[in-house]
Structure formats: C-alpha cells, structure tokens
Amino acid sequence: MNQKTVELRNVRRSFVQADVRIEVLRGVDLDINANEIVALVGPSGSGKSTLLQAVGLLEGGFEGSIKLNGEETAQLPASGHTRIRRDLLGFVYQFHHLLPDFSALENVVMPQLIAGVGQKAAEQRAETLLRSLGLGDRLNHTPSKLSGGEQQRVAVARALANAPKLVLADEPTGNLDEATAELVLAEFISLVRQEGSAALIATHNERLAAKMDRVVRLHEGILS
C-alpha cells in the first residue's frame, strides 16, 4: 500500500462576516499518495486557496484532521508547523515572490542555507535544478532581467530546493500567457516526478489539470 503524504479528514473552515457565518470548507476528505501529482480545480471562490493554506499549515482556524507524512498536525504548536513547512513542504504561487536583489541562483540557494545546507552544496543543488529547467545561462540574472516564464521556473526550482515530500502550488501559471503556461507546467510536473515529490496544484485550466495523475474538484467548499 502506498504511503500517504497527505491525509485530510473532515477539514472545515468558516469565517464570520457581519454576523453571518460563511462556510469555506465543508468537511473535506483528501488523500495524496507519495509521488502522486493531484490537480485541484474549481471556480474562483470555491475554496482552493483556503484548502492549500490548510495543507500548508499557513494559518489557523481549521477543524478536522490534517496529517502530513503520517504526522497529525492539529495539536502541534506553531514551532511544529514551522518545522513541517521547512522540512516537508515546498510552495509555488501565481506570483513568483523572488528576492529582487538576488540572482536566480541565489534565490534557490537561500532556502537551503536557512535549512542548514552548506554554501557549496546549496549552490550545486541550485545549479542542477535551474539547468534542468533550461536556465543554465540565466543563473546570475536577477528577476528583473528574466521573463515571466523564467521567473516562475526559478520559483519552481526554489520550491524543490530542499527536496520536499510535498509541493503545493496555487495557480502557478495563472500569471503567464497560455503557451508559456503549458510549457512551464510541463517542466514543473516533469521535475516534480524526477525529484520524487508529491504535489497538489490548484488551477483553473482543465487542459493543464488533465496532465496530472488525478483531478479533484472543489465546489462550494465540498471536494469531489
């Protein structure tokens, strides 16, 4: 039986606005196996980003069970969530959030240094990832010198720098034109497979979603 990287049981999230309770997630169950790439699709406002925040331990207020790599996270202190994010998770967003004054190589080195990797090993790892994404001749360019697709490739390399068990991506190609989006996502999926990570990737694009191992759909806070 495959080891489960993600196990969600009855995950709920609600907000109160003007004395009205809004149910964003309404009892979500989801398993993701090791090495499995899952597309999360649904219309705007369906709760995709909130679900990714739950799995990524990015905010509190969730009810239910969230197990990552077999560890129950619900009762962990903030330091435990920080440890899991550092050791197990990688993140890619619609906007790359690269450090503007650092080169592509330095942006991918940085999270490794924070995790305690030595400078030389971190640089070698960063260069390997960037070259695998076709950026071998752009290693020393800052983000302003890179195209949108190149910037997002750097963000993908950064997310994978510490060999995460799980990569979470929130509309990672939503800020790119269609042709570039397809190319970057194909490279992203290929690298995730090569690295042996699992992934949960939120997207509006049904054609891109179909390239993944499985598609799950979120509608009005209910997953199907």
Side-chain angles (χ1 to χ4, degrees), residues 3-7 32-38 49 52-60 62 66-136 138-143 146 150-170 172 184 187-202:
Q3 178 184 358
K4 303 218 181 287
T5 300
V6 176
E7 297 172 81
I32 300 176
N33 294 321
N35 312 122
E36 184 180 26
I37 300 176
V38 177
S49 293
L52 288 170
Q53 288 168 356
V55 179
L57 309 178
L58 294 172
E59 65 174 49
F62 293 94
I66 301 172
K67 285 187 180 180
L68 299 178
N69 210 38
E71 183 175 2
E72 176 59 66
T73 68
Q75 303 305 319
L76 289 177
S79 59
H81 288 181
T82 299
R83 169 182 56 80
I84 289 174
R85 287 195 300 269
R86 181 192 65 219
D87 295 344
L88 297 181
L89 304 180
F91 299 89
V92 184
Y93 301 98
Q94 179 174 351
F95 299 98
H96 53 77
H97 299 299
L98 299 175
L99 298 171
D101 297 327
F102 290 79
S103 69
L105 186 75
E106 290 166 337
N107 267 278
V108 183
V109 164
M110 189 65 65
Q112 298 178 76
L113 298 181
I114 292 170
V117 178
Q119 180 79 32
K120 184 175 181 180
E123 289 178 355
Q124 290 175 340
R125 168 76 171 160
E127 183 172 347
T128 296
L129 288 169
L130 290 167
R131 287 190 182 280
S132 72
L133 290 164
L135 295 174
R138 315 291 277 172
L139 300 178
N140 296 314
H141 288 64
T142 57
L146 301 173
E150 289 171 337
Q151 290 170 352
Q152 201 64 328
R153 288 180 177 92
V154 177
V156 167
R158 180 183 58 189
L160 288 161
N162 287 325
K165 294 286 187 182
L166 174 68
V167 179
L168 299 171
D170 194 356
V184 170
E187 293 173 343
F188 180 15
I189 291 172
S190 176
L191 187 55
V192 169
R193 292 195 196 285
Q194 178 183 314
E195 290 288 312
S197 300
L200 179 61
I201 302 174

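Just so you know, these numbers use all the heavy atoms, side chains as well, and skip hydrogens, waters and symmetry mates. Throughout, residue positions are numbered sequentially from 1 according to the sequence presented.
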*Should Leu57 and Leu68 count as side-chain neighbours, where that means a heavy-atom distance under 4.5 Å?*
yes
*Is there side-chain contact between Asn69 and Asp87, with at least one heavy-atom pair below 4.5 Å?*
no
*Selection residues 89-98 - residue pairs positive for salt bridge (charged side-chain N to carboxylate O under 4.0 Å, His left out), sequence neighbours left out*: none
_Taking side-chain contact (heavy atoms from CB on, under 4.5 Å) as the definition, give me every residue that meets it alongside Ala169, ordered by chain and number, with sequence neighbours left out._
Val92, Pro172, Phe188, Ile201
*For residues 153-169, pull every pair meeting salt bridge (charged side-chain N to carboxylate O under 4.0 Å, His left out), keeping only residues two or more places apart or in separate chains.*
Arg153-Glu187
*Where is the tightest heavy-atom contact between Ala202 and Leu52, given as atom of each residue plus distance?*
CB-CD1, 3.7 Å
*From Leu89 CG over to Asn162 CG, what is the distance, rounded to the nearest 0.5 angstrom?*
11.0 Å
*Heavy-atom distance under 4.5 Å between the side chains of Leu191 and Ser132, does that happen here?*
yes
_Using side-chain heavy atoms (C-beta onward) and a distance below 4.5 Å, is Leu168 in contact with Leu58?_
no
_Please check: side-chain N/O of His141 versus main-chain N/O of Ala104, any donor-acceptor pairing under 3.5 Å?_
no
*Closest non-hydrogen atom pair between Gly90 and Pro164, with its separation*: N-CB, 3.5 Å
*asked:* So does Leu146 get a backbone contact from the side chain of Gln151, meaning a donor-acceptor N/O pair under 3.5 Å?
replied: yes
*Partners passing side-chain contact (heavy atoms from CB on, under 4.5 Å) against Ala157 (at least two apart in sequence or in another chain)*: Val108, Leu129, Leu130, Leu133
_Qualifying residues under side chain to side chain donor-acceptor pair (under 3.5 Å), relative to Asn35, sequence neighbours excluded_ = none
*Take Ile32 and Val55 through the side-chain contact (heavy atoms from CB on, under 4.5 Å) test and state the conclusion after the steps.*
CA-CA 11 Å; Ile32 300 176; Val55 179; over 6 Å; no
_For Ser190, all residues meeting side chain to side chain donor-acceptor pair (under 3.5 Å), sequence neighbours excluded_ = none
*Quick one: list whatever passes ring-ring contact (aromatic ring centres under 6.0 Å, His included) with Tyr93, sequence neighbours left out.*
His97
*Could you list all the salt bridge (charged side-chain N to carboxylate O under 4.0 Å, His left out) pairs where at least one residue sits in residues 68-86, not counting sequence neighbours?*
Glu71-Arg83
*asked:* Donor-acceptor check, side chain of Ser197 to backbone of Val192, threshold 3.5 angstrom: yes or no?
replied: no
*Determine which pairs satisfy salt bridge (charged side-chain N to carboxylate O under 4.0 Å, His left out) with at least one residue from residues 108-134, sequence neighbours left out, and list them in order.*
Arg125-Glu195, Glu127-Arg131
*Non-neighbouring partners of Asp170 that pass side chain to side chain donor-acceptor pair (under 3.5 Å), sequence neighbours left out*: Ser49
*What residues, two or more places apart in sequence or in another chain, satisfy side-chain contact (heavy atoms from CB on, under 4.5 Å) together with Ser103?*
Leu105, Glu106
*Sequence-distant partners of Leu99, side-chain contact (heavy atoms from CB on, under 4.5 Å), two or more places apart*: Phe102, Asn107, Met110
